Q: 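One structure is given below, represented as structure tokens, and several questions about it will come after.
Owing to the predicted nature of the structure, the values given are computational and were not obtained by experimental measurement. Side chains are part of it too, since the values below use all heavy atoms of this structure and drop only hydrogens, waters and symmetry mates. By convention here, the first residue in the shown sequence is residue 1.
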Amino acid sequence: MIAIIKYNAGNIRSVQNALYRLGKDSIITDDPGEILSAERVILPGVGEAGSAMKYIAERGLDKTIMQVKKPFLGICLGLQLMCKYSEESNTNCLGIFDAGVKKFPPGNIIPHMGWNNLSYIAEHSKLLEGIAQDNDFYFVHSYYAEKGRDTLATCNYILDFGAVMQKDNYYATQFHPEKSSLKGIQILKNFIEL
């Protein structure tokens with residue numbers, strides 16, 4: 001069973017539907033026991049960092065997330081919440097990744113929305129097996145994670161940013177694999193097989 005963390009963010013059902021198409025059972029939950037007993041955990045979402053972290057902290061899910069030992073995947077806002085802080089509402093986040101989240105510079109088209117490829121991919125990443133730099137993925141975001149030691153892949157929109165990150169059993173994508181056609185499904189399969 002895969003636990004999809006509920007924290008009042010959008011786009012959670014599309015992740016559950018993608019997992020269903022892959023033959024994987026999942027539950028949407030904010031129950032710490034269900035999260036910690038799951039085979040895999042996903043923190044997906046579209047939303048705003050401040051209100052998302054408020055919901056997470058009020059329910060003690062910040063402590064629960066830090067206790068997860070199984071493979072864990074953050075998607076879009078989920079990736080941003082796994083960083084140290086976000087400029088969005090000046091939010092202290094989970095601090096799993098040693099990176100900050102910043103707003104794209106003004107004067108450009110924001111949000112970064114649509115298909116884009118990866119400008120760098122680290123070698124030997126199990127999450128990115130079968131993925132090449134010319135593969136396109138679907139992005140929708142106004143804030144980006146800084147590149148750093150936890151960056152597995154970057155994307156370029158105005159500047160290079162962390163598109164895929166990993167530290168220990170924690171993985172994250174800024175793009176939406178559940179909306180990224182066959183290569184996005186490949187990433188979800190890779191995650192299931194970690």
Side-chain angles (χ1 to χ4, degrees), residues 1-101 111 127 138-145 150 162 164-180 184-185 187-194:
M1 179 70 67
I2 297 175
I4 301 171
I5 297 178
K6 171 187 167 188
Y7 63 104
N8 284 348
N11 206 48
I12 289 180
R13 290 278 179 206
S14 63
V15 173
Q16 188 173 44
N17 291 337
L19 294 172
Y20 176 77
R21 289 191 300 274
L22 287 169
K24 294 302 289 182
D25 290 329
S26 63
I27 55 170
I28 296 172
T29 182
D30 60 4
D31 178 85
E34 290 178 332
I35 293 167
L36 291 173
S37 65
E39 299 168 11
R40 304 279 183 277
V41 180
I42 299 179
L43 181 68
V46 173
E48 187 269 329
S51 58
M53 278 306 300
K54 182 174 188 257
Y55 185 98
I56 286 169
E58 285 175 349
R59 284 153 184 82
L61 296 176
D62 49 346
K63 294 172 185 66
T64 300
I65 289 168
M66 300 307 288
Q67 295 173 29
V68 173
K69 301 298 180 206
K70 301 284 177 67
F72 186 104
L73 178 65
I75 297 173
C76 193
L77 179 60
L79 174 144
Q80 294 177 11
L81 297 178
M82 292 166 72
C83 293
K84 293 187 299 189
Y85 71 92
S86 175
E87 287 184 352
E88 186 175 28
S89 302
N90 295 315
T91 304
N92 288 323
C93 297
L94 296 166
I96 294 166
F97 301 132
D98 187 24
V101 174
L127 185 69
Y138 188 74
F139 290 84
V140 181
H141 60 122
S142 299
Y143 293 80
Y144 67 92
D150 301 320
V164 182
M165 303 180 86
Q166 179 198 355
K167 181 177 180 183
D168 303 323
N169 60 306
Y170 295 95
Y171 298 80
T173 64
Q174 180 62 67
F175 55 84
H176 289 271
E178 77 282 5
K179 295 181 176 282
S180 294
I185 294 302
I187 286 180
L188 290 176
K189 281 183 185 175
N190 292 347
F191 173 69
I192 289 167
E193 293 169 4
L194 288 172

Q: Is there a side-chain contact between Ile5 and Leu61 (heavy atoms, below 4.5 Å)?
A: yes

Q: To check you understand the geometry: which heavy-atom pair defines the closest contact between Ala9 and Gly45, and what is its length?
A: CB-CA, 3.8 Å

Q: Can you name the closest pair of heavy atoms from Gly74 and Met82 and give their distance?
A: CA-SD, 3.7 Å

Q: Less than 6.0 angstrom separating the ring centers of Tyr55 and Tyr7, yes or no?
A: no

Q: Quick one: are Lys6 and Ile28 in side-chain contact, heavy atoms under 4.5 Å?
A: yes

Q: So, does Arg40 use its side chain to make a donor-acceptor pair with the main chain of Ile192 at under 3.5 Å?
A: yes

Q: Applying side-chain contact (heavy atoms from CB on, under 4.5 Å), can you list everything that pairs with Asn190, at least two apart in sequence or on another chain?
A: Glu129, Gln186

Q: Check the pair Val46 / Val140 against side chain to side chain contact (heavy atoms under 4.5 Å, CB included), numbers first and verdict last.
A: CA-CA 9 Å; Val46 173; Val140 181; 5.8 Å; no

Q: Could you pull out the closest heavy-atom pair between Gln80 and Val101, with the gap in Å?
A: O-CG2, 3.7 Å

Q: For side chain to side chain contact (heavy atoms under 4.5 Å, CB included), just list the numbers for Gln174 and Tyr144, CA-CA rounded to whole Å, side-chain angles, deciding distance to a tenth of an Å, and then say yes or no.
A: CA-CA 8 Å; Gln174 180 62 67; Tyr144 67 92; 5.5 Å; no

Q: For the residue pair Lys70 and Val68, what are the closest heavy atoms and their distance?
A: O-CG1, 3.4 Å

Q: If every non-hydrogen atom of Ile2 is compared with every non-hydrogen atom of Ala38, which pair is closest and at what distance?
A: C-CB, 4.5 Å

Q: Salt bridge between Lys167 and Asp150, side-chain N to carboxylate O under 4.0 Å?
A: no

Q: Suppose we screen for side-chain hydrogen bond (donor to acceptor under 3.5 Å, both in side chains). Which residues come up paired with Lys54, at least two apart in sequence or across chains?
A: Glu58

Q: Determine whether Met165 and Leu79 make a side-chain contact, defined as any pair of heavy atoms from C-beta on separated by less than 4.5 Å.
A: yes

Q: Are the side chains of Val41 and Leu73 in touch, meaning some heavy atoms are under 4.5 Å apart?
A: no

Q: Who are the ring pair (Phe, Tyr, Trp, His ring centres under 6.0 Å) partners of Phe97, not counting sequence neighbours?
A: none

Q: Look only at the side chain of Thr173 and the backbone of Phe175, and say whether a donor-acceptor pair between them is shorter than 3.5 Å.
A: yes

Q: Please name all residues satisfying side-chain contact (heavy atoms from CB on, under 4.5 Å) with Ser51, sequence neighbours left out, ordered by chain then number.
A: Glu48

Q: For Val15 and Pro44, work out which heavy atoms get closest and say how close.
A: CG2-CB, 3.7 Å

Q: Any donor and acceptor pair, going by atom type alone, linking the side chain of Thr91 with main-chain N or O of Cys93 inside 3.5 Å?
A: no

Q: Of all residues at least two apart in sequence or in a different chain, which pass the salt bridge (Lys or Arg N to Asp or Glu O under 4.0 Å) check with Lys84?
A: Asp98

Q: Evaluate side-chain hydrogen bond (donor to acceptor under 3.5 Å, both in side chains) for Ser14 paired with Asn11, printing each intermediate quantity in order.
A: CA-CA 6 Å; Ser14 63; Asn11 206 48; 2.8 Å; yes

Q: Taking Asp62 for its side chain and Leu94 for its backbone only, find out whether a donor-acceptor pair lies under 3.5 Å.
A: no

Q: Decide yes or no for Leu43 and Ile75: does some side-chain heavy atom of the first lie under 4.5 Å from some side-chain heavy atom of the second?
A: no

Q: With sequence neighbours excluded, what pairs up with Glu193 under the side-chain contact (heavy atoms from CB on, under 4.5 Å) test?
A: none

Q: Name all residues meeting the ring pair (Phe, Tyr, Trp, His ring centres under 6.0 Å) criterion together with Tyr143; count only those two or more places apart in sequence or in a different chain, and write none if there are none.
A: none

Q: Using residues 19-27 as the side-chain source, report each donor-acceptor pair under 3.5 Å to any protein atom, sequence neighbours left out, with the distance given to one decimal.
A:
from	atom 1	to	atom 2	distance (Å)
Ser26	OG	Gln16	NE2	3.4

Q: For the NE2 atom of His141 and the SG atom of Cys76, what is their distance to the nearest 0.5 Å?
A: 7.0 Å

Q: Flag the pair Thr64 / Ile35 as yes when at least one side-chain heavy-atom distance between them is below 4.5 Å, and no otherwise.
A: yes

Q: Could you list the residues that satisfy side-chain contact (heavy atoms from CB on, under 4.5 Å) with Ser37, not counting sequence neighbours?
A: none

Q: Taking ring pair (Phe, Tyr, Trp, His ring centres under 6.0 Å) as the test, write out the residues that go with Phe72, two or more places apart.
A: Tyr170

Q: Going by side-chain hydrogen bond (donor to acceptor under 3.5 Å, both in side chains), name the residues that satisfy it together with Glu39, two or more places apart in sequence or in a different chain.
A: none

Q: CG/Asp31 to CZ/Arg59 distance, rounded to the nearest 0.5 angstrom?
A: 12.0 Å

Q: Atom NZ of Lys179 and atom CD1 of Ile185: how far apart are they, to the nearest 0.5 Å?
A: 11.5 Å

Q: Parallel, tilted or perpendicular: which fits the ring planes of His176 and Tyr138, with parallel below 30° and perpendicular above 60°?
A: tilted

Q: Holding to salt bridge (Lys or Arg N to Asp or Glu O under 4.0 Å), I want the full list of residues that pass it with Arg13, two or more places apart in sequence or in another chain.
A: none

Q: Are Phe191 and Ile42 packed together at the side-chain level, in the sense that at least one heavy-atom pair is separated by less than 4.5 angstrom?
A: yes

